[in-house]
Protein chains: 2
Amino acid sequence: MATIEDVARLAGLSRTTVSRVINDQPYVTEEKKEKIMDAMQQLGYVPNSSARRLRSQRTETIAVLLPRVTNPFFGHLIESMERKASEYGYQVIVCQTHDKKQKELDYLQLLKTKQVDGVVMASLTNDWDVIEPYLESGPIVLCNEYMDSDQVSMIHIDHRQASYDATAHLIEQGCTRIAYATGAQETHITRQRKEGFLQALTDFNLAFDENLEIRNALDVKDGQGVFSFLQEQEEKVDGIFTGSDEVAAGIIYAASQSGFTIPEDLAIIGFDNQMISLLMVPAITTVRQPVEEMAMKTIQVLVEKIKKEQPEDEQQIVYNYELIKRKSTERMSMKESASS
Amino acid sequence: MATIEDVARLAGLSRTTVSRVINDQPYVTEEKKEKIMDAMQQLGYVPNSSARRLRSQRTETIAVLLPRVTNPFFGHLIESMERKASEYGYQVIVCQTHDKKQKELDYLQLLKTKQVDGVVMASLTNDWDVIEPYLESGPIVLCNEYMDSDQVSMIHIDHRQASYDATAHLIEQGCTRIAYATGAQETHITRQRKEGFLQALTDFNLAFDENLEIRNALDVKDGQGVFSFLQEQEEKVDGIFTGSDEVAAGIIYAASQSGFTIPEDLAIIGFDNQMISLLMVPAITTVRQPVEEMAMKTIQVLVEKIKKEQPEDEQQIVYNYELIKRKSTERMSMKESASS
DNA sequence: TTGTAAGCGTTATCAG
DNA sequence: CTGATAACGCTTACAA
């Protein structure tokens, strides 16, 4: 591999001057500049990024922590983040935590060891006091996660309110015994959603049977399991709030094989407005999050923090969500609003 | 940030000895080792990876080039690759080419500038002679792509045969006028698939109407467009081969809204055995690729190449696929095999 | 078993 | 406008 030294020698100039050309700095005569360009061409010279990193203390790389890419919500998130980061000239490292605390910390280590300039946490399972020390090594921005701290910027929707609205909608459709399926470990987001869910029940004078809370429901397969669980219940469950369209789809799939009628026998609500929620028969009522905007904003905020010397005020940016009502909750008994 | 120098000073030893401890090398007394460990602890020392990279000429990072993460096939691919790479201690950089030649080359630049030790190409739109020179900078392994060259290892299924089988299946189900929808630009894979498709038609004495070839069909939305296109045809099309379950799902979705009956009016075949192919009504006949195995094998081969000094023989590893027959091609007229 | 010293390839400072 | 020279933080012969 040719180095800057080789180029300098071939061009009959110093490393400094070559460096100036590489970095588009002023104070180099056109003539010498051309000479250097020629030399670089001839040698097929490319600056070594490890050396640049060491010297400049910047990596132009961002780590994005998320549970798993195969969850379409996070797939979309990282797709947009990578695109945006790429525009800013940043690389993106995928860090799948699989909701494991240890994995999360391992990846945060990238910040400490200066392998990345900043971190996006779209997965947050550790307690804040464990995460906080990492802030010394570089900026962290939360996306789709919330933390009761004024030391980080956060980009998210109001999950509490969204799940309140969704639950209220189920109730308005005549559901009285509603189950609650949640994904993964308890994170702040899931706590918020649960709160909204419970609040809606309370406001409508309904009780929540703790036995109807299902944990670790993540994908279609889990959804099928959830359906079996619901079917086993002695007292009939007539509605379910799921934290994911995939789980909702799994329930519908299993239900249709058991001759169950959705939404008459069971009204179902999903989350995230994935393609699948539109394609299922019946189509799934869901909550749309502006994923792309959130992703791009997150990168923007992070990159700004990386570039600024003096720490700015942390921002908490709350995006609007939208409850999209579809057939999976449109119960005959109450002929209400519809579709899309 | 504490450096190795600081640790050495605090422990009253040399940088060399500290380095030995960091890298678990022998020839350090327990006593001194502990002293050093203590010092590292006290200072919160973490080795700076940029410096290590520069010195050791290795980055422990891999770039994975793919069209887009939101295509579930590639989502699964990168999910498995990241997991496997992480086991080997490697980071993964996501590189979405969006099927753009220039983007592909930009990302290959990561290899030249030594930002990554190796590259996985699961997206390959440039001609080989453009890619080849990059091999000088480090190993490249193709995954789900094929190239007529003995200079790279490739991991893939036999797309030609798979698409032959799929097409033959359509024909056996009584289809005689079959459309062909393909994704993105022309890559070697798409060429192979097209060949298999045409061969099957030929073998069964059917002609292919070039007007029935649809390009750039990538997702559900495109699938809806494909349906409109088919509907406009004067001569009725009774079968379609799509290169993607998403496109197939889009066609079914649009068809169901137009009162079309699948598969009686139109038999549809997808590709990749995504969850959606099972969930659609009717369920979609598709070709399963062993994504996870392919992903893990790819990383294994690449990491081995990175670690070996002397170049090994390039491997071409062909995995088995499986044609999964479901309702979307089960035509009454021919009461044949079924489901899953 | 430990330490010295020479880089790895860049960039920034400062003097010319 | 250009060029020495000194870092950046770490590893590794080689010497002791």
Side-chain angles (χ1 to χ4, degrees), chain A residues 1-37 39-40 43-61 109-117 137-138 309, chain B residues 1-37 39-40 43-61 109-117 137-138 309:
Chain A
M1 278 304 301
T3 74
I4 199 172
E5 175 83 54
D6 302 325
V7 176
R9 202 159 28 212
L10 181 59
L13 291 160
S14 75
R15 291 189 320 224
T16 311
T17 314
V18 177
S19 176
R20 287 213 178 87
V21 172
I22 296 171
N23 298 293
D24 268 329
Q25 282 167 16
Y27 308 129
V28 183
T29 28
E30 264 313 309
E31 177 207 7
K32 316 224 158 173
K33 187 166 176 177
E34 264 174 37
K35 232 184 201 160
I36 290 175
M37 297 286 238
M40 299 204 294
L43 297 167
Y45 168 78
V46 187
N48 177 308
S49 71
S50 299
R52 292 185 116 167
R53 285 177 179 220
L54 175 57
R55 183 59 232 228
S56 64
Q57 308 281 34
R58 286 181 304 95
T59 67
E60 243 97 74
T61 306
Q109 199 68 8
L110 293 174
L111 197 57
K112 263 200 172 174
T113 59
K114 305 288 177 210
Q115 296 199 62
V116 300
D117 294 337
S137 312
E309 270 83 52
Chain B
M1 278 301 303
T3 74
I4 199 172
E5 175 82 54
D6 302 326
V7 176
R9 203 160 25 214
L10 181 58
L13 290 160
S14 74
R15 291 192 319 226
T16 311
T17 315
V18 177
S19 175
R20 287 212 178 87
V21 172
I22 295 172
N23 298 292
D24 267 329
Q25 283 167 14
Y27 307 128
V28 183
T29 27
E30 264 313 310
E31 178 207 5
K32 315 221 160 175
K33 186 166 177 175
E34 265 173 37
K35 231 184 201 159
I36 289 173
M37 298 286 239
M40 298 205 296
L43 297 167
Y45 169 78
V46 187
N48 176 308
S49 72
S50 299
R52 292 184 113 167
R53 285 177 178 220
L54 176 57
R55 180 61 227 228
S56 62
Q57 308 283 33
R58 286 182 302 95
T59 67
E60 242 97 75
T61 305
Q109 200 67 9
L110 293 174
L111 197 56
K112 264 200 171 171
T113 58
K114 304 289 178 211
Q115 296 200 61
V116 300
D117 294 336
S137 312
E309 270 83 53

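Computed from a predicted structure; not experimentally measured. Letters A, B, ... mirror the listed sequences (proteins, then strands); counts begin at 1.
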Nearest whole Å is fine: how far is dG9(D) P from Leu54(B) CG? 12 Å

Quick check: does any side chain N or O of Asp117(B) sit under 3.5 Å from a backbone N or O of Arg58(B), one acting as donor and the other as acceptor? no

Heavy-atom check, side chain of Leu13(A) versus side chain of Lys32(A), under 4.5 Å: yes

Side-chain N or O of Thr29(A) versus OP1/OP2 of dT2(D): is the shortest distance under 4.0 Å? yes

For Ser19(A) and Thr16(A), test the side chains for any donor-to-acceptor distance below 3.5 angstrom and give the result as yes or no. no

side-chain N/O Lys32(A) vs dC1(D) OP1/OP2, d < 4.0 Å: no

Output yes when at least one side-chain N/O atom of Arg15(B) is less than 4.0 Å from OP1 or OP2 of dG3(C), else no. no

Considering only dT11(D), dT2(C), dG9(D), which nucleotide approaches the side chain of Val28(B) most closely? dT2(C)

Contact class for Val46(A) (heavy atom, under 4.0 Å): base, sugar-phosphate, or nothing? sugar-phosphate

Counting the atoms with a prime plus P, OP1 and OP2 as sugar-phosphate, which does Pro26(B) contact under 4.0 Å by heavy atoms, base, sugar-phosphate, or nothing? nothing

So, does Thr17(A) get its side chain near the phosphate of dG3(D), meaning an N or O under 4.0 Å from OP1 or OP2? yes

What is the distance, rounded to the nearest whole Å, between atom CG of Leu43(A) and atom C1' of dG9(C)? 15 Å

Between dG3(C) atom P and Lys35(B) atom NZ, what is the distance in whole Å? 10 Å

Could you pick out which residue, Glu31(B) or Pro47(A), lies toward the 5' side of DNA chain C when each is mapped onto its nearest nucleotide? Glu31(B)

For a quick test of reading the model: is some side-chain N or O of Gln25(B) closer than 4.0 Å to OP1 or OP2 of dT1(C)? no

Quick one about Arg52(A) and Thr113(B) (side-chain donor to acceptor, distance below 3.5 Å, no hydrogens or angles considered), yes or no? no

Spacing of CD1 belonging to Ile22(B) relative to OG1 belonging to Thr17(B), to within rounding of 0.5 Å: 11.0 Å

Please report, rounded to the nearest Å, how far the P atom of dC8(C) is from the CG atom of Asn48(B). 18 Å

Round to a whole Å and report the spacing from CD1 of Ile36(A) to C1' of dG3(D). 12 Å

Nearest listed nucleotide, side chain of Tyr27(A), among dT2(C), dG3(D), dC1(D): dC1(D)

So, is Gln57(B) close to the dG9(C) phosphate, meaning a side-chain N or O under 4.0 Å from OP1 or OP2? yes

Separation between CG of Leu54(B) and CZ of Arg55(A), rounded to the nearest 0.5 Å: 12.0 Å

Taking atom C1' of dT10(C) as reference, at what distance in whole Å does atom CD1 of Ile22(A) sit? 8 Å

Apply side-chain contact (heavy atoms from CB on, under 4.5 Å) to Gln109(A) and Val46(B), showing your working. CA-CA 9 Å; Gln109(A) 199 68 8; Val46(B) 187; 3.9 Å; yes

For a quick test of reading the model: is some side-chain N or O of Ser14(B) closer than 4.0 Å to OP1 or OP2 of dG3(C)? yes

Write out a two-atom table: protein N or O, nucleotide N or O from nucleotides 13-16 of chain D, distance below 3.5 Å.
none

Nearest whole Å is fine: how far is dG3(D) C1' from Glu5(A) CD? 12 Å

Rounded to the nearest angstrom, tell me the gap between atom CD in Gln115(B) and atom P in dG9(C). 16 Å

Tell me, do Gln115(A) and Arg53(B) make a side-chain contact under 4.5 Å, heavy atoms counted? yes

